[in-house]
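So that the names make sense, note that chain A is the first sequence line, chain B the second, and so on, each numbered from 1. Hydrogens, waters and symmetry mates are skipped; everything else that's a heavy atom, side chains included, is used.
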Amino acid sequence: MSDRVSFQGYARQDGRKGIRNVIVVAYLVECAHHVTRRIVTLANDTDVQLIGFPGCYPNQYAYEMMCAVSTHPNVGGALLISLGCESMNRDKLLEDIRASGRPAELLVIQEAGGTKSTITAGVAAIARIKAEADKAPRVPMDLSELIVGTICGGSDGTSGISANPAVGRCFDALVQANATCIFEETGELIGCETIMADRAVTPELGAEIEACVAKAESYYRIMGFGSFAPGNADGGLTTMEEKSMGAYSKSGSSPISGLIKPGDIPPTGGLYLLDVVPDGEPRFGFPNISDNAEIIELIACGSHVILFTTGRGSVVGSAISPVIKVCANPETYRRLSEDMDVNAGRILEGEATLDEVGEEILQNVIDVASGKRSVSEELGHQEFILTYKSFEPIGPSCLPVRLVG
Amino acid sequence: MTNTKKNAQVILLHPNDNILVCVAHIYAGDEIFIDGQAVGMLKDIEVGHKLARRPLVVSDKIYRYGAPIGSMTQAARIGEHVHMHNMQSDYIPSHTRTRQNKDRSEAQ
């Protein structure tokens, strides 16, 4: 059924295809944030979106993330706003985005004459970039060309029973159609490492998966807090491993084809685990300070759409890729239905089965890929967070599919 | 996922589990059936929360989805709420808004 599904995508020079044609307007340090935000506000266009990195100190991860999201297939062009003295390599970033075939411009506030002058120049630049981006050719795009990421936020004791396994059913159907699915947050998979390793396509990948969960456990132990929020406890979750087992069910039952890190693009269809916990001794703080930091990493790995499950009730969306919200808890759904795309709480009330809700989620993915706005998109949610991190490249055992592919 | 006999308020996720999960608000005074046995509820239990399927003692491992999710720090009667006051992680401590230290359990 679903392997024949196709829709209209935007063709990009690197061969990838997008489901949106967003212009990103990026501040390259917090000092340029206000000017950048004003430009976005004045552009008054859902598809002109604010992103950025607040830090002045250099960070390879931040550079790679900025580059990955600015050249994401859902992005058609970019405007970079620099104060002038920060460390982000603005010329290289501009060059990398242009080399990807996208229109891109750079404004340096210290050279452009200050706040008002840069805002005026920025608004004019957006019009030029948008005119150019609008020329992106529309081409048929198959379900197998889609990358779908998943995250849970505001989990409660119902998440692991309804919304998460329903997303797992949707993931199974997508993998069956040779699409790419990414699940993440190794800190929220503590306790699942052994069963997860058994699903890896090779024993070596299984060992890498176990090692990356051990890394997450050690990292969180040093930080003094697990990836467990007070709201998780309010909603009936008691321990990290209980939350993990629930989170894990988002992955469905397909074999795990690879282990990737932020910015790595999965080489083929299949199910991938994204390791979001930095390598080495903890240096810059918590691995992900809130859900949007993980969403941006899923997007940097090429995710066109994000499936966000919630029990307590999150309202967030994201810049660049649409977020589809699947509500696990029927009581939460009744309170926050204006923010939800799918009511998986029906499963708990005996009104729908996991398979039916899984099918409904898949239909939402297809609709959103075909251009329909998700609820959070419609509401104007375009959250974006990027903080300091450091990663080593993935090891040779992490992507066994590359060898056979 | 199967409903325990006659109960729309709790579900058993796996035959080996020793807890049930509340799926519709339970009020103090409600009577629920656990494996065919009528149990009077002494306190409210909210959706998503766990209750003991059988009497539990200190150090008992708690099974949900058929997998261990932590251990008891206090005993619990059948039908009693199982949460941070009587169980804890075997891996990494959980925190709440009021308890943000590295204690292993709320029950100190």
Within this structure, what is the [atom1]-[atom2] distance for the pair [X] and [Y], rounded to the nearest 0.5 Å?
{"X": "A/E241", "Y": "B/I62", "atom1": "CD", "atom2": "CD1", "result": "11.0 Å"}
{"X": "A/E242", "Y": "B/R64", "atom1": "CD", "atom2": "CZ", "result": "4.5 Å"}
{"X": "A/E193", "Y": "B/Y91", "atom1": "CD", "atom2": "OH", "result": "4.0 Å"}
{"X": "A/M240", "Y": "B/D90", "atom1": "CE", "atom2": "CG", "result": "13.5 Å"}
{"X": "A/T238", "Y": "B/N86", "atom1": "OG1", "atom2": "CG", "result": "8.0 Å"}
{"X": "A/E331", "Y": "B/H25", "atom1": "CD", "atom2": "NE2", "result": "7.5 Å"}

Checklist entry - Top residue by heavy-atom pair count (under 4.5 Å) with chain B, among A/T332, A/N232, A/L237? => result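 Ranked by contacts with chain B, first place is A/L237.
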Item to check | Donor-acceptor contact present, side-chain A/T239 to main-chain B/Q88, <3.5 Å | outcome: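 No.
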Checklist entry - Between the main-chain N or O of A/A233 and the side-chain N or O of B/H83, is there a donor-acceptor pair closer than 3.5 Å? => result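 Side chain of B/H83 to backbone of A/A233, a donor-acceptor pair under 3.5 Å: yes, one is there.
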Checklist entry - Side chains of A/T158 and B/V47: closer than 4.5 Å at any heavy-atom pair? => result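 Yes; the side chains approach each other to less than 4.5 Å.
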If I measure from the heavy atoms of chain B, does [X] come under 4.5 Å with its side chain, its backbone, both, or neither?
{"X": "A/D234", "result": "both"}
{"X": "A/A229", "result": "backbone"}
{"X": "A/E217", "result": "both"}

Next on the checklist: To check you understand the geometry: which heavy-atom pair defines the closest contact between B/A67 and A/M245, and what is its length?
Outcome noted: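 It is CB-CE, 3.7 Å.
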Item to check | Residue pair B/Y65 / A/I161: nearest heavy atoms and the distance that separates them | outcome: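 For B/Y65 versus A/I161, the nearest heavy atoms are OH-N, 4.1 Å.
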Next on the checklist: Only pairs of heavy atoms separated by less than 4.5 Å count here; which of B/G48, B/P68, B/C22, B/A24 has the most with chain A?
Outcome noted: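 Heavy-atom pair counts peak at B/G48.
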